[in-house]
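Input: a single structure, listed below in structure tokens.
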Amino acid sequence: MKSSRRSFLITSIGVVSTLALSREAFADAPKVAESDPTAVALGYKLDAAKVDKAKFAKYAAGEDCGNCSFYQGKATDAFAPCPMFGGKQVAGKGWCSAYNKKA
Ligand code: SF4
């Protein structure tokens, strides 16, 4: 009885520290530069207002990473990882042509 409780505790601690570590890894992920080849290809801008609207006609006012379904943070987070950029961080106020409105 005692040992199963102990192993439960040890497992819980393991899970919690793994979560803490992955959160930290996210927070430390590098930020995507607009000059990054993937960023250029997807038309990523740190500021959605600077999107090349002639090239990316699909852009609509009000769209930004913060309300995109791929954004891995809260809408209010200044930066959060995006799977389109291999988990690197993108700006909450940014935008790219892979934008997909969060449901
Ligand atoms: S996929 Fe969405 S969250 Fe990622 S950079 Fe493009 S607009 Fe931003």
Side-chain angles (χ1 to χ4, degrees):
M1 196 68 169
K2 241 184 181 170
S3 80
S4 73
R5 187 179 155 81
R6 175 184 262 172
S7 63
F8 169 74
L9 276 175
I10 291 171
T11 310
S12 310
I13 292 166
V15 169
V16 169
S17 52
T18 307
L19 281 175
L21 271 181
S22 60
R23 277 191 74 87
E24 226 164 75
F26 269 165
D28 287 347
K31 294 186 172 112
V32 175
E34 289 179 354
S35 57
D36 180 298
T38 312
V40 172
L42 291 177
Y44 169 75
K45 292 288 175 201
L46 279 155
D47 178 356
K50 304 219 167 86
V51 168
D52 181 346
K53 290 159 194 100
K55 205 166 162 194
F56 299 100
K58 67 169 272 191
Y59 170 78
E63 294 180 353
D64 64 24
C65 296
N67 59 41
C68 171
S69 65
F70 295 114
Y71 198 58
Q72 307 285 295
K74 293 193 294 287
T76 50
D77 287 347
F79 282 87
C82 171
M84 290 299 155
F85 293 93
K88 282 189 192 170
Q89 298 196 79
V90 295
K93 301 262 177 255
W95 186 90
C96 90
S97 60
Y99 175 85
N100 182 51
K101 193 173 172 54
K102 200 179 233 169

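We count ligands from 1, going down the list as the structure has it; atoms in each ligand are counted the same way. Positions are given from 1, in the same order as the sequence printed here.
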Which heavy atom of the protein is the closest neighbour of [atom], given with residue, atom name and distance?
atom: atom 8 (Fe) of ligand 1; result: C65 SG, 2.3 Å
atom: atom 4 (Fe) of ligand 1; result: C82 SG, 2.3 Å
atom: atom 6 (Fe) of ligand 1; result: C96 SG, 2.3 Å
atom: atom 5 (S) of ligand 1; result: F85 CE1, 3.5 Å

Handout entry: For F70, atoms of ligand 1 separated by under 4.0 Å from a heavy atom
Key =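 Counting atoms of ligand 1 from 1, those under 4.0 Å from F70 are 1 (S).
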
Handout entry: Atom indices of ligand 1 within 4.0 angstrom of M84 heavy atoms, with elements
Key =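 That gives atoms 1 (S) of ligand 1.
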
Problem - Rounded distance (nearest 0.5 Å) linking atom OH of Y71 with atom CG of N100 - result: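 Between atom OH of Y71 and atom CG of N100 there are 16.0 Å.
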
Practice task
Find the distance between NZ (K88) and CG (D36) and round it off to the nearest 0.5 Å.
Solution key: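 CG of D36 is found 4.5 Å from NZ of K88.
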
Handout entry: Hydrophobic cluster identity match, F79 and V32, side-chain contacts under 4.5 Å
Key =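 In one cluster: yes.
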
Exercise for the section: Indicate if V90 and L42 have the same hydrophobic cluster label, given that clusters are the connected sets of ILVMFWY residues with side-chain heavy-atom separations under 4.5 angstrom. Expected result: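 In one cluster with V90: L42, yes.
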
Practice task
Flag the pair C82 / Y44 as yes when at least one side-chain heavy-atom distance between them is below 4.5 Å, and no otherwise.
Solution key: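 Sidechains of Y44 and C82: no contact.
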
Exercise for the section: Using only heavy-atom distances, determine whether the side chains of Y59 and D52 contain a donor-acceptor pair under 3.5 Å. Expected result: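 No, no side-chain donor-acceptor pair sits under 3.5 Å.
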
Exercise for the section: Kindly confirm whether atom 2 (Fe) of ligand 1 is within less than 2.8 Å of some N/O/S atom in C68? Expected result: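 So C68 does bind atom 2 (Fe) of ligand 1 by this criterion.
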
